[in-house]
Amino acid sequence: MKHTILAGLFAGTALTGAATACEVTLRSSDTHPEGYPTVMAVEAMGEMIEERTDGRICVEVFHSAQLGQEKDTIEQTQFGVIDLNRVSMGPFNNIIEETQVVSLPYIFRSVDHMHKVMDGEIGDEILAAFEDHDLVGLAYYDGGSRSFYNSEKPIQSIDDLAGMKFRVMQSDIFVDMVDALGANATPMPYGEVYSSIQTGVIDGAENNWPSYESSGHYEVAKYYTLDQHLIVPEVLVMSKMSWDKLSPEDQEIVRQAAKESVPIMREAWQAREAESEQLVRDAGVEVITDIDKTPFMDAMKPVYDKHVTSETLKDLVSRIQATE
């Protein structure tokens with residue numbers, strides 16, 4: 001872990017020259033590329049913060065995993081080396097219990113249902129849980145609906161998944177989900193997926209339209225099945241160490257700017273999703289839409305039984321399912 005933290009320090013030192021006029025420069029990490037909706041949203045947030053603090057506080061966004069892959073950047077953020085971090089919810093599943101619920105397969109009926117839950121009291125409760133882990137939860141961004149893609153064949157039923165090898169995020173829930181479907185889960189960093197599909201280490205992975213497209217995975221995995229097993233929000237967090245250095249007034253400015261960046265992200269996301277889908281279809285990807293999700297959903301019972309064990313999680317699940 002030491003080398004990861006040092007790498008983050010050197011990257012931060014080397015790349016903050018443009019922001020030396022600011023009293024405080026908050027370094028923000030994202031694994032997605034420049035122009036991606038999450039990157040654009042944090043940049044917009046930074047502009048709001050700089051304007052509302054009269055230039056005292058600036059935000060520098062390091063996209064394209066410049067500061068490391070997500071697991072490493074979470075550790076750096078907890079240590080205060082990285083100040084802000086846009087991260088997928090999956091890597092938090094083994095750290096923060098409450099994040100497991102929103103990572104459950106088919107917990108959300110639709111993207112609108114997810115927005116209703118995460119924009120309300122339940123979402124606030126989950127954000128508050130980050131503070132016990134040296135992080136401050138600021139806002140949720142959209143992660144789209146995730147579906148399976150592979151290099152071997154069209155997946156039209158749960159039986160087609162049998163024995164196939166799929167990359168998943170480093171999360172026990174995601175591993176168990178793939179196992180419950182009869183496939184083999186292979187946790188690995190996002191940056192290793194392209195070459196692993198290309199060389200046959202894995203058959204495929206699962207993700208949303210923009211990530212499937214921007215990563216170039218569609219070039220090596222030309223079958224995309226819209227099973228939409230996960231609709232997992234992403235989260236923007238801040239290091240508790242960095243947060244505590246700000247005055248209460250500046251904390252409120254940061255929190256409000258984060259909230260106001262959400263509709264910016266969602267609008268950009270919807271446009272990007274449509275654009276990415278069209279691009280991969282034009283590239284000759286076979287998209288399988290005629291699929292019965294019921295067997296997929298039925299197969300998730302052991303996943304829920306295993307992971308929804310505490311009263312906290314059971315309560316969250318029942319409240320999410322009851323949200324109209």
For Lys71 and Tyr190, run side chain to side chain contact (heavy atoms under 4.5 Å, CB included): C-alpha distance rounded to whole Å, both residues' side-chain angles, the deciding distance at 0.1 Å, then the answer. CA-CA 10 Å; Lys71 183 178 182 295; Tyr190 186 59; over 6 Å; no
Could you tell me which residues satisfy salt bridge (charged side-chain N to carboxylate O under 4.0 Å, His left out) with [X], sequence neighbours excluded, listed by chain and number?
X: Arg272; value: Glu213
X: Asp159; value: none
X: Asp203; value: none
X: Lys153; value: none

For Ser261, give me all partners under side chain to side chain contact (heavy atoms under 4.5 Å, CB included), at least two apart in sequence or on another chain. Ala41, Met45, Tyr141
Identify, with sequence neighbours excluded, every residue that meets side chain to side chain donor-acceptor pair (under 3.5 Å) alongside [X].
X: Glu267; answer: none
X: Asp244; answer: Lys240
X: Ser196; answer: none

Residue that, paired with Pro37, satisfies side chain to side chain contact (heavy atoms under 4.5 Å, CB included) out of Glu273, Met265, Glu234: Met265
Taking atom types as modelled, find out whether [X] and [Y] have a side-chain donor-acceptor pair closer than 3.5 angstrom.
X: Asp83; Y: Ser239; value: no
X: Arg86; Y: Thr31; value: yes
X: His229; Y: Asp227; value: yes

Distance-only criterion, 3.5 Å: show the donor-acceptor pairs between side-chain atoms of residues 122-137 and protein atoms not counting sequence neighbours.
| unit_1 | atom_1 | unit_2 | atom_2 | d |
| --- | --- | --- | --- | --- |
| Glu125 | OE1 | Arg319 | NH1 | 3.3 |
| Glu125 | OE2 | Arg319 | NH2 | 2.8 |

Listing, residues 291-300 side-chain donor-acceptor contacts under 3.5 Å, not counting sequence neighbours, or none:
| unit_1 | atom_1 | unit_2 | atom_2 | d |
| --- | --- | --- | --- | --- |
| Asp292 | OD1 | Thr294 | N | 3.0 |
| Asp292 | OD1 | Thr294 | OG1 | 3.1 |
| Lys293 | NZ | Gln228 | OE1 | 2.7 |

If hydrophobic clusters are built by linking Ile, Leu, Val, Met, Phe, Trp and Tyr wherever their side-chain heavy atoms come under 4.5 Å apart, do Val42 and Val237 end up in the same one? no
What pairs of donor and acceptor atoms, side-chain ones from residues 94-102 against any protein atom, are under 3.5 angstrom apart with sequence neighbours left out?
| unit_1 | atom_1 | unit_2 | atom_2 | d |
| --- | --- | --- | --- | --- |
| Glu97 | OE2 | Ser310 | OG | 2.7 |
| Thr99 | OG1 | Phe92 | O | 3.2 |
| Thr99 | OG1 | Asn93 | ND2 | 3.2 |
| Thr99 | OG1 | Ile96 | O | 2.7 |
| Gln100 | NE2 | Asn93 | O | 3.1 |

Is the gap between the ring centers of Phe166 and Phe148 under 6.0 Å? yes
Please, which pairs that meet ring-ring contact (aromatic ring centres under 6.0 Å, His included) have at least one residue in residues 297-324, sequence neighbours excluded? none
Asp282 atom CG, over 12 foreign heavy atoms within 6.0 Å: yes
